[in-house]
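Heads up, the thing below is written out as structure tokens.
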Amino acid sequence: MLGIIGAMEEEVARIKEQMENVTVVQKAAMDFYRGTLKGKDVVVVCCGIGKVNAGLCTQILVDCFEVSAVINTGIAGSLRAEIDIGDIVLSTDALQHDVEAIAFGYPVGQIPRMDTLAFEADEKLRKIAKEACERVNPDIHVYEGRVVSGDQFISDKAKKEWLVNTFQGYCTEMEGAAIAQAAYLNKIPFLIIRAISDKADDSASEDYPTFEAKAITHCVNLTLAIVEQALA
């Protein structure tokens, strides 16, 4: 059973439309759509925006649906000049940029008493996703790199530069690292897929609504291809 999480309904609506044999279970004000997709058993859910929603959703998928892996699909802001709007980033790992406990000797981004700074994504899922993206989204580029998450919409050039210099991030958003942490603690594989909707700078608030739909289309195409291939 594969869990597929999107933060916003727009990110999962088209995936739900292609599901069959659906039953809906509501938990923590979230609707979990359990059924088949491309002939494979999946649970698709809109978790809501932010790290708490995302972490809670992942734990429900583990506890109540016994998922064997989690894919988080959605959109993000680019942190690198070469990663354009519409392109896709596949997570090599993920961390929370708004965690700070340096007074206790931890580097910025590391959760106190956790044994790692960043949570590593599943290499097999990433390889499948890269090959699939090149096939189903030939009009864009796909990158592999670090996803940095925080409960902030980044639309400031100085903050963007700090994220790049401090964490060497490829893109920034608001859920991925929380999902990664929950998957890590439960010892299940995960992958974060992020299509770029803006440049996470002073133009982000204008770019986001303009390019959101295009970015989501690329994400949906890739997610469907991964389901078909990864669970074969």
Side-chain angles (χ1 to χ4, degrees), residues 1-25 30-49 54 57-58 60-62 65-76 83-92 94 121-145 147 170-171 173 175-176 179-180 183 188-197 211-232:
M1 180 79 70
L2 177 67
I4 300 173
I5 303 173
M8 301 183 296
E9 185 60 31
E10 302 94 304
E11 295 169 338
V12 293
R14 286 172 53 191
I15 298 173
K16 290 177 182 176
E17 289 171 0
Q18 299 195 40
M19 294 178 67
E20 298 178 331
N21 308 311
V22 175
T23 58
V24 181
V25 178
M30 302 175 197
D31 291 328
F32 293 79
Y33 285 67
R34 181 173 188 167
T36 57
L37 182 64
K38 302 289 186 179
K40 314 297 170 51
D41 292 331
V42 299
V43 182
V44 180
V45 56
C46 172
C47 70
I49 295 170
C57 180
T58 307
I60 292 172
L61 285 172
V62 172
F65 299 95
E66 299 180 347
V67 296
S68 57
V70 174
I71 291 176
N72 176 213
T73 179
I75 54 182
I83 304 177
D84 290 326
I85 291 173
D87 286 344
I88 280 181
V89 174
L90 306 173
S91 61
T92 52
D122 185 72
E123 188 173 347
K124 180 181 177 182
L125 279 175
R126 196 172 79 242
K127 181 180 179 181
I128 289 171
K130 186 174 188 297
E131 293 172 353
C133 193
E134 291 169 348
R135 184 176 72 255
V136 301
N137 290 317
D139 54 322
I140 62 169
H141 297 96
V142 56
Y143 297 87
E144 299 172 271
V147 175
Y170 275 56
C171 66
E173 39 79 280
E175 295 84 25
I179 292 168
I188 63 170
F190 77 89
L191 180 67
I192 303 164
I193 300 167
R194 286 293 180 267
I196 300 303
S197 60
F211 298 107
E212 175 189 24
K214 176 183 177 182
I216 289 174
T217 295
H218 290 146
C219 249
V220 169
N221 290 345
L222 176 54
T223 302
L224 294 173
I226 292 172
V227 170
E228 190 168 21
Q229 188 172 342
L231 302 180

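Because the structure is predicted, anything quoted here is derived from the model rather than measured. What you see below is based on every heavy atom in this structure, not just the backbone, and it leaves out hydrogens, waters and symmetry mates.
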* Asked: Between V45 and V12, does a side-chain contact (heavy atoms from CB on, under 4.5 Å) hold up when you go through it step by step?
  -> CA-CA 7 Å; V45 56; V12 293; over 6 Å; no
* Beyond-backbone contact of E10 with V220, side-chain heavy atoms, under 4.5 angstrom -> no
* Are the side chains of R194 and I83 in touch, meaning some heavy atoms are under 4.5 Å apart? -> no
* Asked: What is the distance from atom NZ of K38 to atom CE of M19, rounded to the nearest 0.5 Å?
  -> 13.0 Å
* Asked: Should I75 and C219 count as side-chain neighbours, where that means a heavy-atom distance under 4.5 Å?
  -> no
* Checking side-chain contact (heavy atoms from CB on, under 4.5 Å) for the pair V42/Y33: CA distance, chi angles, key distance, verdict? -> CA-CA 8 Å; V42 299; Y33 285 67; over 6 Å; no
* Provide the closest heavy-atom pair for Q229 versus A132 in the form atom of the first, atom of the second, distance. => OE1-CB, 4.2 Å
* With a 4.5 Å limit on heavy-atom distance, are the side chains of Q18 and L224 in contact? -> yes
* **Side-chain heavy-atom pair L191, I128 within 4.5 angstrom cut-off** => no
* Donor-acceptor contact below 3.5 Å, side chain D41 vs main chain M1 -> no
* To do: Enter the distance from N221:CG to I226:CD1 here, rounded to the nearest 0.5 Å.
  => 11.0 Å
* To do: Identify the two heavy atoms, one from L37 and one from V227, that lie closest to each other, and give their separation to 0.1 Å.
  => O-CG1, 3.5 Å
* Structure fact -> Residues M30 and C57: closest non-hydrogen pair is SD-CB, 3.5 Å
* Please check if atom CD in E9 has more than 12 non-hydrogen atoms from other residues, nucleotides or ligands closer than 6.0 Å. => yes
* CG of N72 to CZ of F190: how many Å apart, nearest 0.5 Å? -> 9.5 Å
* To do: Could you tell me the separation between the NZ atom of K130 and the CG atom of L90, rounded to the nearest 0.5 Å?
  => 8.5 Å
* Structure fact -> In short, L222 meets C133 closest at the heavy-atom pair CD1-N, 3.5 Å
* Asked: At their closest point, which heavy atom of A94 faces which heavy atom of A180, and how far apart are they?
  -> CB-CB, 4.0 Å
* Atom CZ in R14, atom CD1 in I216: separation rounded to 0.5 Å? -> 8.5 Å
* **Heavy atoms from other residues, nucleotides or ligands near CD of E134 exceed 12 (cutoff 6.0 Å)** => yes
* To do: Of all the heavy-atom pairs spanning A225 and V136, show the shortest one and how long it is.
  => CB-CG1, 3.9 Å
* Mind checking whether I71 and I193 have side chains closer than 4.5 Å, heavy atoms only? -> yes
* **From CD1 (I88) to CD1 (I140), nearest 0.5 Å** => 4.0 Å
* **Heavy-atom side-chain proximity of V22 to K16 below 4.5 angstrom** => no
* Is the shortest side-chain N to carboxylate O distance from R135 to E131 below 4.0 Å? -> no
* Any side-chain heavy-atom pair of V67 and I188 under 4.5 Å -> yes
* Asked: Any donor and acceptor pair, going by atom type alone, linking the side chain of N137 with main-chain N or O of H218 inside 3.5 Å?
  -> yes
